[in-house]
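This report refers to the structure that appears directly beneath it.
Count residues from 1 along the sequence. Just so you know, ligand 1 is whichever comes first in the structure, and atom 1 is the first atom listed for that ligand. Keep in mind the model is a prediction, meaning the values are calculated, not measured.
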Amino acid sequence: MQVGELTQPVAELPGIGPGRSRELAKLGIVTIGDVLLHLPRGYEDRKSLTPLIQAQPDRPVNTVAEVVAHSFFGGRGGKTLRVHVKDDTGIGSLACFGRNFLAKSLPVGKRIRLFGTFTMRYGELQATAFECEDADRDPVKFGQVLAVYPLGGTLNQGDIRRAVAAALDRYGKNVTAEIPTRLAAQRQLVPTSQALERVHRPKEIVDAAAGRATLIYLELFFLQIMIGLRAYERQVRHRPARPLPSRLLDEVTRRLPFSLTGDQRTVLSECLGDLQSSAPMARLLQGDVGSGKTAVAFLSAVPLVEAGFQAAFMAPTELLARQHADNAAQLFGSDVSVAFLSGSLSSAQRRPLLDRIAAGDVDLVIGTHAVFTAEVRFARLQYVIIDEQHRFGVSQRVALSAKGAHPDVLTMTATPIPRTLALTVFGDLQISAIRELPGGRRPIETHLARHGNESKVYEFVRRELEAGRQAYFVYPRIDATGALDLRDAETMWQELCERVYPEFAVGLVHSRVDDDEKRERMQKFRDGTLQVLVATSVVEVGVDVPNATCMVIEHAERFGLAALHQLRGRVGRGEHQSYCFLVYDEGLTEIAKERMRVLHETNDGFIIAEEDLRIRGPGDIAGTQQSGYLRLRIADLAQDMETMNLARTDAFEVLESDPALTLPEHEAVRRAVDSARLNGRLTPFAKAEESE
Ligand code: ADP
Ligand code: MG
């Protein structure tokens, strides 16, 4: 079995019941394969000795020590045991917070093996986190290199180590290769079964690196294989070239209240070229928020509709889908019949709509991922447009693609993808870009302000409000629960309503406001009944209110670069000069400072994307994933670009010689691809796709 074929549920492992399974699922661990691919985030070397005298904050002690005394510290009611120890090189103490019971198992005179991080506190070496065991018995947790795993839910290191050990013992040794031996030799990879053993249970820390390098290569190799296969499979689906009519498009274009920018015209003709060609469209359209992507996408659908086909447009949220549906209805009038479809429609509203879609009476269906569900049947679906590409999982894209007979697919993203990534991650897509902003818009001015000086910002915003403009205020949290020292949307909404802007109407939206209510408030903001909108990052994507000129983001240091740029893009969408205020806390990390600097200096989303990748730099795996380009489990796009290039070369060589993977030497590759597809995963090494 290949590791990707180990799809048995984790509950088949000894010691894993329903409770543990649920906790593991929170970490994305569902199958045995997932357990094996849940890689350590680090290691504790409990093999080489590090005596007390060599203690450093980043160098844990691993020694044999003797308990020399007990004492207690802390005032009233908080008496905490302190166990004093010594080894051959020095002395230290163990602060046993909440663990006074250790007095019994660590009596004076006892010899222990001790592992812990010691730092200088109150003039002595002290450890608060430590582990020890009886030095006069055989080592259990000592004398080895121990893996340290990312945790989640109520699981501790021991739980995960046991699950991994069980999976390795039962299945790990029989894991078979995914790639031809020739390649493995050429790239100096170890067999997958060994790679797994080495990353989880390395004899020495250096062994782990070789195991990990193999798994990184494999994940990237299959990423490239999957991408290459998609490109290949698309090309073989030939259809007759089909000229499309242009009368309706000319008419709708003439009615537009604006004229298209040069970039918009270029992209429109690229799309129309694809739609008329003999291979289905697979195009990625990048463009900053407000660059006019949606307008182009709508227009590109018109000739197909005129020719009698249907199109579907998917937005990432209900709010946006409705907004797009309203805009489309307005743009098209009676020429194109537009319907809005979402999961929140009652079945009484839904039935007739589904019937009309199935009968072909609806030309353009706009909705959320509800458009995917099996009950939605199209009469003649030919064109699928996906807005804000990165929020849709690959498997969702695939599910939708399966609905039409190889539909044309246009995906749009406002998070520009750095060139280096675009080539590799979206190598199966053609790429279009809109770089210029439409219609005489002025670049947004971005200002930085420290918390404490925000009243100046509020005053500035007041002048804009008095001039008839509108403003957003964005906070990182919905409410004050969690007791972090953070401003939150609910509290600040009250503050802004009552104290700061009593003369203006202030509204509040966040993900816990129910959909109808949210829609109503957004509508009020759009029509100007509300002048100020307080929100969490739900306004991040696509909301379009041209009269809004101020975006105030408090605790800006809490948001990523891409998110900040998206938020800023909510303003600057009309003719008026717009402003973005980044209000930040004292004590910024270097990375946060860099982010603020980049935003201050440029409005160009493409530059910001490149900078984002650069700043995040190696090691910030969460960052890469958050930005949502794709969900890799092992490799890191920033760090492993070199391996990515090798893997890409190798994968493309394989596909060039054998594009359908039918040669016997590629059987293992084919199996791995099939199992990934069967399980709805991007690669055999990927996590399950999150459903929205
Ligand atoms: P995006 O989808 O890229 O965020 P939209 O297509 O929603 O951008 O356009 C943003 C706003 O700009 C909309 O109000 C739209 O009507 C308007 N718009 C689009 N193209 C132009 C243009 N060429 N000139 C003026 N306004 C435009
Ligand atoms: Mg948009």
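Side-chain atoms of Asp527 and Thr529 include a donor-acceptor pair closer than 3.5 Å.
At least one donor-acceptor pair under 3.5 Å links the side chain of Arg521 to the backbone N or O of Leu508.
Taking every heavy atom of Gly292 and a limit of under 4.0 angstrom, the matching atoms of ligand 1 come to 1 (P), 3 (O), 5 (P), 6 (O), 8 (O), 9 (O), 19 (C). Within ligand 1, counting atoms from 1 as listed, the ones closer than 4.0 Å to a heavy atom of Thr261 are 23 (N). Numbered from 1 in the order shown, with element, the atoms of ligand 1 that lie under 4.0 Å from a heavy atom of Arg573 read 4 (O), 7 (O), 10 (C). Set against the non-hydrogen atoms of Ser259, the atoms of ligand 1 under 4.0 Å away are 22 (C), 23 (N), 24 (N).
In this structure, the separation between CD on Gln531 and SG on Cys550 is 12.5 Å, given to the nearest 0.5 Å. One distance of note links CE of Met551 with CG of Leu533; it measures 9.0 Å at 0.5 Å rounding.
Contact annotation: for Thr294 versus ligand 1, heavy atoms closer than 4.0 Å belong to both the backbone and the side chain.
With a 6.0 Å cutoff to the six-membered ring centre and a 45° limit on the axis angle, Arg487 does not count as a cation-pi contact of Phe473.
Looking at Pro546 next to ligand 1, no N or O pair under 3.5 Å apart turns up.
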